[in-house]
Amino acid sequence: MADRRLNCPFCGLEFAPADTLCRHGCPLRPSCGLTRCPSCDYEFPPERPTTWFERLFARPRVLDEAYCDHLAPAVRLAPGERARVALLLGSPERCNRLAVFGLVPGAAVRCLQSSPAYVFEIGETELALDAEIARLIVVERTEVAGRAPARP
């Protein structure tokens, strides 16, 4: 039998359907239709569970630059350039780790350095990231090295 797993959309925990709190005596289980995360107690409608094979060969989400020309990966920021985080790509676990440092959609960031590692200033925090992780941060430029970007 295939190893079926669920992912909590709130905390990103991956768990087996048998581990849910609903399976352990909830009186509304037959009519509820929701799944409860064993870690954060968030209730969500169950999605189609993924198998280990699907997780192994899953394609990571990447920014389609032809689709949205006003957004760019954070690796395209020059030192001194300011931007606002539009979205974070990648796994929920990685997004949660970045959120601890204040790197969330809507946060204002400033690129301090782009070599040998990317260093971003988020509020009072300076965060150094590898290029692989910085590519997963999609930003909208707000200021280019001290001057506002040209508007068409």
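Across all non-hydrogen atoms, the minimal contact from Pro79 to Leu112 is CB-O, 3.9 Å. Looking at every heavy atom in both residues, Ala107 comes nearest to Gly102 through CB-O, 3.4 Å. The heavy-atom pair separating Cys111 from Phe120 by the smallest distance is CA-CD2, 3.9 Å. Contact record, Pro105 with Leu87: CG-CA, 4.3 Å, taken as the closest heavy-atom pair. The shortest heavy-atom contact between Cys95 and Gly90 is SG-O, 4.3 Å.
Applying the salt bridge (charged side-chain N to carboxylate O under 4.0 Å, His left out) definition to pairs two or more places apart or across chains, none involves residues 86-96.
Atom CD of Gln113 and atom CD of Glu121 lie 13.0 Å apart (nearest 0.5 Å).
Scored by the side-chain contact (heavy atoms from CB on, under 4.5 Å) test, Ala131 finds Tyr118, Arg135 as partners (sequence neighbours excluded).
Residues Leu103 and Leu129 are in side-chain contact: their nearest non-hydrogen atoms beyond the backbone lie under 4.5 Å apart. Using a 4.5 Å cut-off on side-chain heavy atoms (C-beta onward), Arg76 and Arg141 make contact.
Both Ile137 and Phe101 are assigned to one and the same hydrophobic cluster, defined by single-linkage of ILVMFWY side chains at heavy-atom distances under 4.5 Å. Taking hydrophobic clusters as Ile, Leu, Val, Met, Phe, Trp and Tyr residues chained together by side-chain heavy-atom distances below 4.5 Å, Val104 does not share a cluster with Leu127. Under a hydrophobic-cluster definition in which Ile, Leu, Val, Met, Phe, Trp and Tyr are linked whenever side-chain heavy atoms come within less than 4.5 Å, directly or via other members, Leu71 and Leu136 are assigned to the same cluster. In the hydrophobic clustering of ILVMFWY residues, with side-chain heavy atoms under 4.5 Å counting as a link, Leu77 and Val119 come out apart.
A distance-only check finds a donor-acceptor pair linking the side chain of Arg84 to the backbone of Gly106 [under 3.5 Å].
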